[in-house]
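Heads up: the structure comes next, in structure tokens.
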Amino acid sequence: MISGFYLAMLGVAAAVFLAGIGSSIGVQIPSRAAAGVLSEQPDKFGRTFILVVLPSTQGFYGFIAAMFMMMKLGMFGGGMNYDMTIIEGLRFLVAGLPVGIVGLISGIHQGLVSASGVELAAKQPEATMRVVIFAVMVETYAILGFVTSFLMVNAIG
Amino acid sequence: MNRFETIRVLDTKYTYALGVIRAREVKLLTEKRFEELLSSVGVEELISAMHDTDYGEYLRNVGKYEAEKALHAAKIALYNDLEKLIDDFEIMRILRAKYDFHNIKVLLKGKIAEEDFSDKCSTIGSIPVSKLTQIVQEEKYGHLPEYLRVAVEKGIDAYYSNDHNPQRLSFAVDSVMAEMLTSSTESPFIVKYYKFWVDLTNLKTILRLLFLERYQDLVDFALLPGGNIGKDTIKKARIENSDSLEELYRGTIYSSLLEWKDSFSLLEKQSERLLISFLKSVAFEAIGVEPVIAYLLIKENEIRNLRIIFIGIMNGVGEDLIKERLII
């Protein structure tokens with residue numbers, strides 16, 4: 001029989017898992033581009049680093065949301081409610097999805113924007129910071145996903 | 001080939017290569033740089049002006065008559081470098097194929113003339129010239145890859161069935177090459193590029209045949225297959241003079257080229273420019289192999305421009321005339 005507790009844990013896992021995948025794919029794209037640029041222009045490390053790191057934040061948002069969900073579930077205080085109803089469990093599952101799904105998609109797309117920035121850094125180093133702003137625009141949606149998940153968990157009684 | 005197309009957003013196989021290419025693109029010669037090179041007085045000055053470019057290492061301690069060889073060495077290095085960089089044998093095979101077709105044509109003509117033309121072959125092809133020469137000498141065409149074997153068969157057949165005319169051999173081999181390049185499954189970008197190239201080549205061929213008043217005799221053999229405007233469409237258009245060409249090309253990207261239909265050199269230049277602008281259109285792609293292929297072909301054009309400058313300056317051709325020949 002499906003237990004509400006397992007659904008809640010699935011919500012916690014989804015937040016970390018999906019956002020983590022988004023970040024790992026998102027970071028590898030500009031990392032490879034940066035490795036290519038650095039093989040020709042080693043002095044560009046500082047300019048490319050910030051673009052490579054940017055897509056990693058989604059993973060952190062997913063992790064922080066998951067920690068908050070685990071605290072709410074009483075995981076750290078020893079007061080875990082294993083007999084939670086399916087409806088209660090579903091609330092946690094659904095609350096984990098915004099940060100997870102938005103993190104997955106925005107992480108990949110932020111990686112692509114960052115990769116373009118890394119490529120631009122090779123040609124016009126002075127324009128790199130402008131692309132950082134574009135990449136941060138993608139970040140906005142990851143933050144919105146995180147805040148939504150946070151508010152949804154907070155609303156669970 | 002994979003049954004499913006790669007999801008474009010995750011096509012990050014060439015991201016490293018792209019990073020390298022972007023860093024190298026900075027070193028591509030600009031129009032201003034070409035003008036500086038053009039103003040060199042003599043080949044020696046030109047060679048020393050190029051020492052700070054990508055070609056500097058190939059031109060070090062090179063005499064004025066060896067510069068062309070040095071540029072060819074730079075072209076070989078370009079292909080070898082990109083082959084290592086993208087690590088994709090199939091794509092490189094397609095990109096090198098035009099040199100294989102050139103080599104097989106040269107060697108077959110050499111065999112017909114009973115002379116050794118192997119020194120006229122390019123070493124950029126995917127099959128070593130020595131191996132290709134041996135195959136042609138021993139007539140062991142079964143050892144060739146499928147695309148070259150078909151080219152040889154059709155080339156020889158065209159030669160013998162048309163009064164031993166070597167021109168027909170060239171037409172037949174070129175047709176097989178166009179078919180291969182416009183139907184490869186490795187990269188849609190390469191196919192698009194070569195379809196574009198076939199259309200431009202056919203347009204120039206039609207104008208030349210009309211000029212020579214040999215359009216009706218040679219249209220079946222000289223036109224290349226595989227273009228966006230098919231061979232059959234061109235034949236059905238029943239072109240009789242350069243004016244009826246406008247009807248055929250109206251509304252296409254090529255219609256603007258007909259403005260230069262009275263000057264082959266200008267038409268040649270404008271059509272090459274159109275090809276280069278097509279290559280430059282992928283300059284902003286952040287992923288995929290397209291910008292890497294475009295870089296290779298743009299760099300190849302750069303080497304061709306340098307060759308024109310070297311030959312022009314060596315032969316005392318005026319700066320303006322040389323500049324007119326450059327595709328920038």
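Residue numbers start from 1 in every chain, and the chains themselves are labelled A, B, ... in the order their sequence lines are given, proteins ahead of strands.
- When each of A:Ala121, A:Ala115, A:Gly111, A:Ala35 is scored by its heavy-atom pairs under 4.5 Å with chain B, the top score falls to A:Ala35.
- In B:Lys98, the NZ atom is crowded: over 12 heavy atoms of neighbouring residues, nucleotides or ligands sit closer than 6.0 Å.
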Apply the test side-chain contact (heavy atoms from CB on, under 4.5 Å) to residues A:Glu40 and B:Val26: give CA-CA distance (whole Å), side-chain angles for both, the deciding distance (0.1 Å), then the verdict. CA-CA 11 Å; A:Glu40 296 281 313; B:Val26 186; over 6 Å; no

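- At a 4.5 Å heavy-atom cutoff, the contact between A:Gln28 and chain B is made by side-chain atoms alone.
- The CZ atom of B:Arg22 lies 12.5 Å from the CD atom of A:Gln41; values are rounded to the nearest 0.5 Å.
- Atom CZ of B:Arg96 sits in a crowded spot, with more than 12 heavy atoms from other residues, nucleotides or ligands closer than 6.0 Å.
- Listed here is the closest heavy atom pair of A:Val37 and B:Ala23: O-CB, 4.3 Å.
- Within a 6.0 Å radius of CG in A:Leu38, more than 12 heavy atoms belonging to other residues, nucleotides or ligands are found.
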Could you give me the CA-CA distance, side-chain angles and deciding distance for A:Leu112 and B:Ile287, then say whether side-chain contact (heavy atoms from CB on, under 4.5 Å) is met? CA-CA 8 Å; A:Leu112 291 170; B:Ile287 51 169; 3.6 Å; yes

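- Atom OH of A:Tyr141 has 12 or fewer neighbouring heavy atoms from other residues, nucleotides or ligands inside a 6.0 Å radius.
- Heavy-atom neighbours of B:Lys269 NZ from other residues, nucleotides or ligands within 6.0 Å: above the threshold of 12.
- The residue among B:Ile21, B:Leu85, B:Leu18 with the most heavy atom pairs within less than 4.5 Å of chain A is B:Leu18.
- Within a 6.0 Å radius of CG in A:Asn154, other residues, nucleotides and ligands contribute more than 12 heavy atoms.
- With rounding to the nearest 0.5 Å, the separation of CZ in A:Arg32 from NZ in B:Lys13 is 10.0 Å.
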